[in-house]
Structure formats: C-alpha cells, structure tokens
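Read the structure below first, then the notes.
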Amino acid sequence: MKHRPPAIDSLSRRSFVAKMAALGALGFAGAAVPRAGRAGGLELPFVNGHRELSAEFPGKGPMILQRTRPPLLETPFEVFDKGVFTPNDRFYVRWHLANIPTLIDPATFRLKVRGHVETPLSLTLESLAREFRPVELVAVNQCSGNSRGLFEPRVAGGEWANGAMGNALWTGVRLRDVLDRAGVRAGAVDVRFNGLDTGILPETPDFVKSLGVDHARDGEVLIAYAMNGQPLPLLNGFPLRLVVPGWYATYWIKMLDDIEVLVEPDDNFWMKKAYLIPDTPAADILPGQAGVKMIPISRMVPRSFVTNLKPDAELPAGRHSRIRGIAFGGDTGVRSVLVSPDAGRQWQQATLGTDHGKYSFRQWEATIVLPAPGPTTLMVKAINSDGVAQPERPNWNGSGFMRNVVESIPVRGI
Ligand SMILES: Nc1nc2c(c(=O)[nH]1)N[C@H]1C(S)=C(S)[C@@H](COP(=O)(O)O)O[C@H]1N2
Ligand SMILES: [Mo]
C-alpha cells in the first residue's frame, strides 16, 4: 500500500510559488490539444467501445482518448491497481468548452472575488499561498457520468468506462478563508465559480457552477493550487481549481479565476438545465419513466472495484487467490468492503488498507477460494460509514449519472 505523496510544508511554499511561475511561462507553451500520434488502442466493455490511447496531451501519459477537442481523456483502469493516489499524468480529463488557455502567466494571474461582499478582492497566487493557511485533503474527483458507457439501455453523452475518476492529495486554501477576507454580506444565497475556459461560439453558455453559501463556507471546500504535491497539470485546472469533497466533479471548477457571491439562487444553464438528476435514491428511475422531479446533482454514492483482475481471468479452483481493489464511500468514508467468489451467494469481509481520510479511495484486499472449476462471477460491494450500500441492480437515469451498482467480474476456475 503506497505512502502519501509528498506534501508541501509551509517552508517550501515559497519555492513552490517559484515553481508555478516557471511552469506557467515554459511548461505550458504547447497546445492543449495534441498534434497527432497514437499509443495503440483498446476495447472498453460495451458496444462501440474501441478507443485509441494517446500520450500526446500536455502533462499526460497514455490516456484513453474519448474526444480531442475539448479533451476527454479517461484513465486506463490498471492505473488504479498501482497505488491509492492517481498520478497527475494519468488523472482523467474532462472539459466542456473548447477554448482552454494554453499559456497562463502565474505572475499576472488573479483570482477575483466579487459580488455581494464588503471588499472585492483580486488575489495573486503568491498571496494565496503565503497569506492564507494551507490545507491538505485527500479526495476523490469523479465525473457525474463516470461509467456512462455501461448504462443499459444506453444513454447519450461521453461514453466512459470506469476511469473518469481519480484520487489525489489536494493542497490549497479554504474557500471560507478567502470569502471571509472579502466579507460575505448578509443576504448572500449562492457562490458562483468560473474558470478561464470559454466556448467557441458566443451563444455557448459559459461553464459556471454554484454552491449554496453555507456549503461554500463549510471549511471543507478548497481552492487547490497543488495536486499530489505538484502544481496542477494544465488540463486538470492550472493554476487553481475548486475541490468540493464528496460532491461530483462538475462543481470542481478548473482554472478558477472568478468567484461571485450572489443574492439570488443561480439560475444559469449549467445549474438549472444541465447536471440534473431525478430526485430519487441514487438518481434511479425506470427507462421512460415520466413526471419525475429533477434536482441538481450533488453528493457521490459509494463504489468499489477489483483492480488486479481483468474480466475472464483464470483463478485456481479450491485454492487461495488474492484479490485487491479500491473503494470509496461517496460523501463519507468506507465502513466495509464485501467480496463474493460465487456471484453473490456468499459474501466475506475484505481487509481495508490505510485510511487517508473519508473522501479518499480506500484500498482493500481479500483471500478468496473459487468453489469449483468453470465460470463464476466475482462481486465487490462497498458500504459507507452512513450504512449506504451499493445496489445489486444497476441504477438508471437518462443522463447516465451516478452509476454505482455492485461490480461483477466474470472469472474462470481452473
Ligand atoms: N473550468 C472548467 N472546470 C470544470 C469543467 C469545465 O468544463 N471547465 N468540467 C467539470 C467536470 S464536469 C468534471 S468531470 C471535472 C473534471 O476534472 P478533471 O479534468 O481534472 O479530471 O472538471 C470540472 N470542472
Ligand atoms: Mo463531469
């Protein structure tokens, strides 16, 4: 089980700012989209699942190419077997709008805080790193549509397999501390976040998201300037991104440069039209079900995966096999992980690895015995600290959000 990635202590914050400055000027002078070149292909487990691997994006190793512009890059699943922290160069990427700055000068970059505040702010990266207390938190960033390609019946959208998620140590400052410096005035309702990316057409709604003012001030939401001890990769939001622990990544605004305190509920397109889910447990409805109340997506639900076996792996029947994987509780920690060697007839407890905090991936391992030679199904199920278990039947909705069914892997006893 891997150790923590290097953290940034207060003494090294000064040199960290210098490192960001150097990166902004040089490291990102390339294009946000690759020129050409492929690193092979692979099959995701659904119809039309063929994808190319690309290692041509700035700051990224081999990634599953879902789309080039704006980039949608999926983490190859074997990366999750290698450690509890997802490396920055293998961390998935998702953007809505195609104009993504490729050159950001950290010396002139400013984070603005404005709207219903006493004192509007325009903060340099240096003042954020030096004048506010640094905070560290390990948290899973997962796209609302992670695993959408596995929905049955199929739904439209980015056809991800299970790799639109990652776990990192985030370093930054509390959003609350920044809001407090500006002084949120009485009557504030929402806090809206915007990044530097824009659409190509003027009519494309800018990608902005909001949190309720109490959530924004809860002390857990961070403005992060580092990921696993390094500046954020350009495509993961250099130089600043919002980290909203336990909530789907749509709220984790990248290249964050503008925070606006609102006196009205935010009714922009991305809050009121997009990223809505049925107001039912795990956003689950029947295909075709009408008249369902829709609400903005918010908290994540528990999930777990086997990482050291591929589908149709062969395991010795009647003898011990070690299996391992990752789990996360969603908006809270992992209470337990259960595995079944026989398609859910019997379940046994897995051993949990190091606890990196309730919003982190949790590694697990177990010794199982396949009952007999021949095909069987391994299953893994997480139960979170609130007692919420993954469902045995897949949850479904028309946007392909929040999939969290108990995972099944066909294997063969030999
Ligand atoms: N500025 C900006 N931030 C954004 C987005 C975006 O399109 N623009 N997409 C959001 C969505 S839907 C997801 S899933 C995450 C993806 O984060 P990642 O690319 O760092 O993995 O970024 C979020 N933050
Ligand atoms: Mo997303």
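Order of listing sets the numbers, starting from 1, for every ligand and every atom in it.
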What protein heavy atom sits nearest [atom], and how far off is it?
atom                    : result
atom 24 (N) of ligand 1 : Trp252 O, 3.0 Å
atom 13 (C) of ligand 1 : Ala249 O, 3.7 Å
atom 17 (O) of ligand 1 : Arg241 NH2, 3.1 Å
atom 5 (C) of ligand 1  : Phe207 CE2, 3.5 Å
atom 3 (N) of ligand 1  : Lys254 N, 2.9 Å
atom 2 (C) of ligand 1  : Asp197 OD2, 3.5 Å

(message) Could you walk me through whether Asn88 and Asn228 satisfy the side chain to side chain donor-acceptor pair (under 3.5 Å) test, starting with their C-alpha distance in whole Å, then the side-chain angles of each, then the deciding distance to 0.1 Å, before giving a yes or no?
(response) CA-CA 7 Å; Asn88 293 1; Asn228 294 327; 3.0 Å; yes
(message) Tell me every residue that passes salt bridge (charged side-chain N to carboxylate O under 4.0 Å, His left out) with Asp266, counting only those two or more places apart in sequence or in another chain.
(response) Arg192
(request) Only counting residues at least two apart or in another chain, list the ones meeting salt bridge (charged side-chain N to carboxylate O under 4.0 Å, His left out) with Asp206. (result) none
(request) Determine the minimum heavy-atom distance between Arg299 and Tyr248, stating which atoms define it. (result) O-CE1, 3.2 Å
(request) State whether the side chain of Ser340 and the backbone N or O of Trp347 hold a donor-acceptor pair below 3.5 Å, judged by distance alone. (result) no
(message) Please compare Trp95, Tyr275, Tyr92 and report which has the shortest non-hydrogen distance to atom 14 (S) of ligand 1.
(response) Tyr92
